[in-house]
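Encoded as structure tokens, the structure appears first; notes follow it.
Side chains included, hydrogens not; waters and symmetry mates left out as well; all remaining heavy atoms used.
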Amino acid sequence: MITDLGQFALYCAILLACAPLLGGYMYRVYSGQAVLLSPVFKPVEKVIYRICGIDAQASQHWSRYAVTLLAFNAAGWVLLFAILRLQHLLPWNPAGLPPMSSDLAFNTAVSFVTNTNWQAYGGETSLSYFSQMVGLTMQNFVSASTGMAVAVAVIRGFAGRKIRDLGNFHVDMTRGVLYILLPLSIVAAIFLMSQGVPQNLNSYVDATTLEGTKQVLAQGPAASQIAIKQLGTNGGGFFNVNSSHPYENPTALSNLLQMVYILLIPAAFCFLFGKMVNDKRQGIAIFAVMAVLFVGGFAATYSAEKAGNALLTNSSTIVADPGNMEGKETRFGILNSTLWATATTAASNGSVNAMHDSLTPLGGMVTMLNMQLGEIVYGGVGAGFYGMLLFVVLTVFIAGLMVGRTPEYLGKKIEAREIKLAVLAILTMPIGILVFGALSATVPVAMTAVQDAGPHGLSEILYAYSSATGNNGSAFAGFGAGMPFHTILQGIAMLLGRYGFIIPILAIAGSLGTKNVVPVSGGTFPTHGPLFVTLLIAVILIVGGLTFFPALALGPIAEHFAMLAGIAY
């Protein structure tokens, strides 16, 4: 226990030390200031603008910013869909893999364009090296940078005074890739190669096991994709079992680096926000909210997994209770498995180093709840932060109702337009999870994808549509997501979860940007102290609890009590 807590403290200390530094660096990048890498990437940036015909000085109204983003993402979807459907005709396919089916290619292209990286296929058995590198890895960069660009544009709207425009999408996205994602990914890829992660274009290798049987060992350019999959909160694995595969995650050091990378940029956005609004306390307050929810989620998951499965701990054949080690790598243990599970579902990353379908009912419920809250507990790169700002708007509105005063945030009055847009965005999660989940639980052909009976089967459905709508990408492995019903419906859920948040929050930012700042008075509700932090946490938990508790009660909570009663599913 003491060793586990020490490892958790080390992880938190590394994250807390790195996030403010990266946040300050990101502030300089997005404000156009010179940084250490400017001599290297500034000429490249200018060439990109010249080739693409981009006017770097032109700023965009929120609506044009949104349309430009949608057009860019649509073009990316078409390109990736074409690559997946034509991979048998393209180079770097040493295994001779056939093209993806049209429904699965639709699902995969939507998944990577929306930064979900849900995978209803096995990477090493379904995709060529060309599809992995040119198709998926490229989208890992630009989808992550898209979320970062939106968050920066939104912050400009919250921080600006009487401004009409929110910046230039092409410039924000290009700078995110060149100055932030690319250099950090190169560093991580080199480190991962030093730990034994393959980075080659070799053919698959036939090996003879100790038992004398034959085994095919997949190869490929894995390290480069793994680096950006973690940094960009993408999460899509090069290999089928993701970061539990020894080629993706061979050592304790590679495991630590990848876990830090999952939360690094999302945490740094809090400090970037403090600098952009010229009040570091505002960013620290939001960081504190995220930290409290993250630590609470980890504590609940760790406690559940450490307690183990009651059906086994009550058995006379068990001499010593090691906790619930089903579905976990012995080289990582319960601590690193539960810490990763908490981080990856809190951050809309979706990568795994253990099988979430094998978590205890309550441990699996926490990972589900992380996604159902809107992926805001640090969340995806950029996406988590602008999702949190929606709850901030809702919280100050509730605080204003409590004291009978027009709500304000950062000196801007929050009025009916902003509240309606915030509620509209927050409703996308219950629509995608509960409505689409209900369809999956009632349509006979959809039910064939569910592996287990009873409440665990319901949990598989809830988890799948929480993951898709929350743009997470992880799964309860027992759920057969490759059938056309789910590839299409989950593709729609991913689009809803991505753009159902982006468009309303950009509209809110555009509305707030045009407003004057109201002077602070004795009646102004401070949004940087413990009271605001507590209220914001309460609003997040109440909204999530009221919305999803009935479904969770029928799924993981019912399964937990069944387990205590000696019933297994």
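With Asn107 as reference, Met494 is the one residue of Met100, His486, Met494 to meet the side chain to side chain contact (heavy atoms under 4.5 Å, CB included) rule. Here the rule is side chain to side chain contact (heavy atoms under 4.5 Å, CB included) with Gln139, and of Ile228, Leu80, Asn234, Asn115 only Leu80 fits it.
Separation of atoms CG (Asp452) and CG (Leu458) is listed at 12.0 Å; rounding is to 0.5 Å. In this structure, CE on Met355 lies 8.5 Å from CD on Glu329, to the nearest 0.5 angstrom. Between atom CZ of residue Phe476 and atom CG of residue Leu462 there is a gap of 9.0 Å, rounded to the nearest 0.5 Å. In this structure, CE on Met259 lies 10.5 Å from OG on Ser243, to the nearest 0.5 angstrom. The distance from the CZ atom of Phe501 to the CG atom of Leu424 is 10.0 Å, given to the nearest 0.5 Å. To the nearest 0.5 angstrom, Ile83 atom CD1 is 4.0 Å from Leu79 atom CG.
Aromatic ring centres of Phe385 and Tyr378 lie farther apart than the 6.0 Å criterion allows.
Looking at Thr547 and Gln372, their side chains never come closer than 4.5 Å, going by heavy atoms from C-beta outward. Under the 4.5 Å side-chain criterion, counting only non-hydrogen atoms from C-beta, Val197 is not in contact with Phe238.
A side-chain donor from one of Ser131 and Gln87 sits under 3.5 Å from a side-chain acceptor of the other. Side chains of Thr108 and Tyr121: no donor on one and acceptor on the other come within 3.5 Å. For Asn472 and Asn349, the side-chain atoms include no donor-acceptor pair closer than 3.5 Å. If you check the side chains of Asn353 and Asn336, you find no donor sitting under 3.5 Å from an acceptor. A side-chain donor-acceptor contact under 3.5 Å links Tyr463 and Ser474. A donor and an acceptor atom, one from each side chain of Asn471 and Ser348, are nowhere located under 3.5 Å apart. Remark: the Gln230 side chain and the Ser351 side chain contain an N/O donor-acceptor pair separated by less than 3.5 Å. No side-chain donor from either of Gln119 and Ser111 sits under 3.5 Å from a side-chain acceptor of the other. If you check the side chains of Thr213 and Glu211, you find no donor sitting under 3.5 Å from an acceptor. Between the side chains of Asn249 and Asn255, a donor-acceptor pair is found at a separation under 3.5 Å.
The local environment of CZ in Phe549 is sparse, with at most 12 non-hydrogen atoms from other residues, nucleotides or ligands closer than 6.0 Å.
Scanning both residues, Leu434 and Ala551, for their nearest heavy atoms gives CD2-CB, 4.0 Å. Nearest heavy atom pair, residue Ala188 against residue Ala227, reads CB-CB, 3.7 Å. For the residue pair Thr342 and Asn370, the shortest heavy atom distance occurs at O-ND2, 3.6 Å. Of all non-hydrogen atoms in Ser224 and Ala189, the two that sit nearest each other are CA-CB, 4.1 Å. In terms of heavy atoms, Leu231 sits closest to Leu181 at CD2-O, 3.5 Å.
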*asked:* For a side chain to side chain contact (heavy atoms under 4.5 Å, CB included) check, start with the C-alpha distance between Ser459 and Glu559, then their side-chain angles and the critical distance, and finish with the verdict.
replied: CA-CA 9 Å; Ser459 293; Glu559 185 184 1; 4.2 Å; yes
_With side chain to side chain contact (heavy atoms under 4.5 Å, CB included) as the criterion, how do Tyr499 and Asn73 come out once you've worked through the C-alpha distance, each side chain's angles and the decisive distance to 0.1 Å?_
CA-CA 11 Å; Tyr499 303 109; Asn73 284 189; 2.6 Å; yes
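In this pair, Phe298 and Phe8 present their aromatic rings parallel. The plane angle is below 30°, not in the 30 to 60° band. Ring geometry for Phe130 against Trp92 counts as tilted: the plane angle lies between 30° and 60°, on a 0 to 90° scale. Ring geometry, Phe239 versus His245: the interplanar angle falls under 30°, so the pair is classed parallel (tilted spans 30 to 60°).
Side-chain N or O atoms of Glu460 include none that pairs as donor or acceptor with a backbone N or O of Ala449 at under 3.5 Å.
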